[in-house]
Amino acid sequence: MTTLYQNARLTKIHHVHQEDKLILGFEGLPEHEFTCVVDFCLNGFYPYNILFDVYEYEVANLPSRLAAEFPSLSYYIHSGENWQIFHLSPQAGMGGIIVCATL
């Protein structure tokens, strides 16, 4: 993701299970679509959801603090495969992780 979504107000979450997509909608900005989504953990969706930033990692450069904060990442870390991991860092409200398969 680009800095376009830094400090953006998140207003919509749409999971398209059949297509392995997760779509995030933002106030006054274009939606952002994550593809090849295999897992996600989102928490704290409230009336005010402002992202500080969205960080993208691979398993090799994933900070240990994120692995500790999201125990579900353990499977992906030890799978021997590469994954794209997005961390939605909240300023207020919702935050979480999105795991996508790499092609």
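One distance of note links OG1 of T11 with CG of L24; it measures 9.5 Å at 0.5 Å rounding. I98 CD1 to F86 CZ: the interatomic distance, rounded to the nearest 0.5 Å, is 7.5 Å. Rounded to the nearest 0.5 Å, atoms CD (E69) and OG (S64) are 11.5 Å apart. Remark: L22 CG to H15 NE2 distance equals 6.5 Å, nearest 0.5 Å.
When side chains are defined from C-beta on, R9 does not count as touching N49, because their heavy atoms never get closer than 4.5 Å. Side-chain contact between V38 and Y76 is present, with heavy atoms from C-beta onward closer than 4.5 Å. For the pair L88 and I97, the minimum side-chain heavy-atom distance is 4.5 Å or more. In this structure, the side chains of L10 and P90 stay at 4.5 Å or more apart for every pair of heavy atoms. At least one side-chain heavy atom of I23 sits under 4.5 Å from a side-chain heavy atom of V16.
Side chains of Q84 and E56: a donor-acceptor N/O pair is present below 3.5 angstrom, by distance only. No side-chain N or O of D39 forms a donor-acceptor pair with one of Y75 less than 3.5 Å apart.
Nearest heavy-atom pair, S89 versus Y55, reported as atom, atom and distance to 0.1 Å: CB-CE1, 3.8 Å. Listed here is the closest heavy atom pair of F45 and K12: CZ-N, 4.4 Å. Between K21 and T35, the shortest heavy-atom contact is CG-CG2, 4.4 Å. Minimum interatomic distance between F34 and C100 (heavy atoms only, all atoms of both residues): CB-SG, 4.3 Å. Considering all non-hydrogen atoms of both residues, H32 and F26 come closest at CB-CE1, 4.2 Å. Across all their heavy atoms, L73 and L66 have their closest contact at CD1-O, 3.8 Å.
Under the 4.5 Å side-chain heavy-atom criterion for ILVMFWY residues, no single connected hydrophobic cluster contains both F40 and V99. Using a 4.5 Å cut-off between side-chain heavy atoms of Ile, Leu, Val, Met, Phe, Trp and Tyr, with links allowed through other members, V54 and Y57 fall into different hydrophobic clusters. In terms of hydrophobic clustering, with Ile, Leu, Val, Met, Phe, Trp and Tyr side chains grouped at heavy-atom distances under 4.5 Å, I85 and I13 are assigned to different clusters.
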Output, in order, the C-alpha distance, side-chain angles, deciding distance and verdict of side chain to side chain contact (heavy atoms under 4.5 Å, CB included) for Q91 and L51.
CA-CA 5 Å; Q91 188 173 43; L51 293 179; over 6 Å; no

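With hydrogens and angles disregarded, a donor-acceptor distance shorter than 3.5 Å links the side chain of T102 to the backbone of N82.
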